[in-house]
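Quick note: numbers below take in every heavy atom, side chains included, and nothing from hydrogens, waters or symmetry partners. Note that ligands are numbered from 1 as they come in the structure, with each ligand's atoms numbered from 1 the same way.
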Amino acid sequence: MDYFEIDGPTPLSGDVRVAGAKNAALPLMAAALLAGGESTITNVPDLRDTRFFLDLLRELGVVGEFSAATLRLDTTGTGGALEAPYDIVRKMRASIYVLGPLLAAHGEARVSKPGGCAWGPRPVDLHMAGMKALGADVDEEHGYIVARCSGGRLSGGRFRFEPVSVGATCNVLMAAVLARGESLLENCAREPEVTQLGEALVAAGARIEGLGTRTLTVQGVDALRPLTAAVIPDRIEAGTFLAAVAVAGGRIRLSGCRMDHLQPMLGVLRDLGCEIREDGELLVAERTGPLQAVKVETQPYPGFPTDMQAQIMAAAALAEGVSFITDTIYPDRFTHVAELERLGARIELKNGTATIIGTDALQGAPVMATDLRASAALVLAGIAAHGRTEVRRVYHIDRGYEQIEKRLAALGARIRRRND
Ligand code: UD1
């Protein structure tokens with residue numbers, strides 16, 4: 001199995017380009033199912049998750065070609081198989097994204113229930129309730145969600161997401177664009193990835209109002225044209241590189257990122273002691289002074305993202321003073337805590353808040369990645385730790401970061417992929 005070997009500490013310096021956003025690419029890929037013909041998505045990151053999703057689309061009859069960050073998805077042969085099997089869904093929870101498009105385009109869908117994830121339950125009740133609100137019959141049979149609509153077409157309806165959910169908003173939105181009549185979706189997620197999906201659907205002929213706000217009004221249309229979209233830059237990947245310079249020190253320049261999407265993280269990174277400024281198309285980030293303690297609470301966008309709290313915790317471990325990190329989205333998303341402690345971090349976990357007592361230095365040790373962002377945090381901590389760190393189970397990190405070790409090595413980190 002692959003693992004990373006890291007020798008630290010090393011400061012970072014140099015340039016890095018941010019890839020397309022995984023979390024924007026996946027719903028766009030699912031949305032291709034809504035239209036007949038060939039959709040084209042560019043700036044698609046080459047990741048385990050995008051490859052898994054392509055496998056799933058192929059199961060559903062899509063002819064897909066992926067090269068040079070461009071995906072061509074021809075849906076002409078779909079309509080026969082309408083099932084997302086357990087074998088694929090268990091590897092990638094985002095498989096649930098095919099529920100809405102299959103139901104809307106073909107009147108029927110069977111999707112394996114995703115089950116829990118590394119840090120606890122991750123329900124899909126809102127996805128199911130949203131489909132019901134659009135007139136579908138939704139049942140659970142032998143571990144599968146089975147959804148059908150009478151007459152073969154969904155009808156417009158009203159649905160309120162509680163809590164705010166990125167995945168359920170995308171799924172129900174995709175279903176509503178082909179439903180008969182008007183849908184009113186309230187308390188929607190307004191993450192940039194949701195807005196990008198909405199914009200791509202509108203460009204393909206969907207009628208959606210309110211994109212970027214919590215309320216979406218959709219007038220269903222009879223058919224969509226194939227999608228054409230360029231995936232937005234990955235704000236979490238950009239944030240991870242910024243957190244890397246916070247943890248390790250040094251100066252890096254990021255290209256290809258969207259400043260507006262990064263705003264929710266910049267305050268925290270600056271509080272940690274990073275200087276961050278725009279230089280034309282580039283974002284320059286530097287940390288030369290000591291790290292300072294921070295207080296962070298995750299919130300839906302435009303709040304601080306849950307997908308960045310682990311990486312910030314790696315920096316907080318080395319800060320002067322006591323930091324507090326609360327995850328309100330996933331109160332149990334703290335599997336990285338015990339592994340960071342193996343590197344010498346001092347963290348107390350109580351009632352969904354991690355209290356991090358800063359220490360002067362971390363020490364390298366073997367650690368185990370438990371999920372995607374937890375593994376990113378361990379890699380960053382390893383770069384700053386004294387001596388050798390081995391990060392095991394890096395298949396988690398390969399789900400969401402393209403060749404992360406090569407890109408960090410190009411910034412001066414002493415990190416290698418090994419296999420045993
Ligand atoms: C997406 C992101 C993930 C990110 C998360 C929160 C993708 C592929 N993944 O995941 O990286 O960490 O948003 O920003 O884009 N909930 C329910 N019922 C549901 C659905 C969600 O109660 O049916 C709850 C969840 O338990 C959680 C909250 O809603 O507490 C937000 O989760 P959600 O936004 O749905 O996360 P995902 O879309 O799965």
Distance-only polar pair, side chains of Q309 and D327, donor-acceptor under 3.5 Å
yes
Rounded distance [0.5 Å steps], OG1 in T40 versus CG in L28:
12.0 Å
Counting N and O atoms only, with roles assigned by atom type, does the side chain of T75 sit under 3.5 Å from a partner on the main chain of G37, one being a donor and the other an acceptor?
yes
With respect to R93, determine whether any N or O atom, backbone or side chain, lies less than 3.5 Å from an N or O atom of ligand 1.
no
Check this for me - ligand 1, G167, N or O atoms closer than 3.5 angstrom, yes or no?
yes
Exercise: do Y401 and R373 side chains pair donor with acceptor under 3.5 Å:
yes
Side-chain donor-acceptor pair present, T217, E209, cut-off under 3.5 Å:
no
Polar contact flag, side-chain donor to acceptor under 3.5 angstrom, D371-H396:
no
Within the side chain of T328, is there an N or O that forms a donor-acceptor pair under 3.5 Å with the backbone of T298?
yes
M128, portion touching ligand 1 at heavy-atom distance under 4.0 Å
neither
Nearest-contact summary for atom 23 (O) of ligand 1 - protein heavy atom, Å
L126 N, 2.8 Å
Residue, atom and distance of the protein heavy atom nearest atom 39 (O) of ligand 1 read R122 NH2, 2.9 Å
Where is the nearest protein heavy atom to atom 2 (C) of ligand 1: which residue, which atom, and how far?
N23 ND2, 3.5 Å
Check whether any N or O atom of V166, backbone or side chain, sits under 3.5 Å from an N or O atom of ligand 1, and answer yes or no.
yes
How far is atom 6 (C) of ligand 1 from its nearest protein heavy atom, and which residue and atom name does that atom have?
T306 CG2, 3.6 Å
Which protein non-hydrogen atom lies closest to atom 11 (O) of ligand 1, naming both residue and atom, and how far is it?
D307 OD2, 2.6 Å
Where is the nearest protein heavy atom to atom 30 (O) of ligand 1: which residue, which atom, and how far?
I329 O, 2.7 Å
Any idea which atoms of ligand 1 are less than 4.0 Å away from a heavy-atom of R333?
12 (O)
Looking only at side chains, do S183 and R158 share a donor and an acceptor under 3.5 Å apart?
no
Identity and separation of the nearest protein heavy atom to atom 27 (C) of ligand 1
Y330 CE2, 3.4 Å
Protein contact of atom 22 (O) of ligand 1 - nearest heavy atom, named by residue and atom, plus distance:
P123 CG, 3.4 Å
For the side chain of S39 and the backbone of L227, is there at least one donor-acceptor N/O pair under 3.5 Å apart?
yes
Is it true that E193 lies under 4.0 Å from ligand 1, counting heavy atoms only?
no
Does R392 qualify as a cation-pi partner of Y3, given the criterion of NZ or CZ under 6.0 Å from the six-membered ring centre and within 45 degrees of its axis?
yes
With a cut-off of 4.0 Å, which atoms of ligand 1 are near a heavy atom of H127?
23 (O)
If you measure from each non-hydrogen atom of D125 to ligand 1, which part falls under 4.0 Å: side chain, backbone, both or neither?
both
Does P163 have a heavy atom less than 4.0 Å from any atom of ligand 1?
yes
Does an N or O from S165, backbone or side chain, lie closer than 3.5 Å to an N or O of ligand 1?
yes
Check the side chains of E191 and H261 for a donor-acceptor pair under 3.5 angstrom, ignoring hydrogens and angles.
no
Given 3.5 Å as the limit, does a donor-acceptor pair link the side chain of R180 with the main chain of L154, or not?
no
Is M308 near ligand 1, meaning one of its heavy atoms is under 4.0 Å from it?
no
Give a yes/no verdict on whether any heavy atom in P305 is under 4.0 Å from an atom of ligand 1.
no
Could you tell me the separation between the CG atom of L349 and the CD atom of E341, rounded to the nearest 0.5 Å?
8.5 Å
So if I count the atoms of ligand 1 from 1 in the order they appear, which ones are less than 4.0 Å from some heavy atom of V124?
19 (C), 23 (O)
Which bit of V164 is near ligand 1, meaning a heavy atom under 4.0 Å away: side chain, backbone, both or neither?
backbone
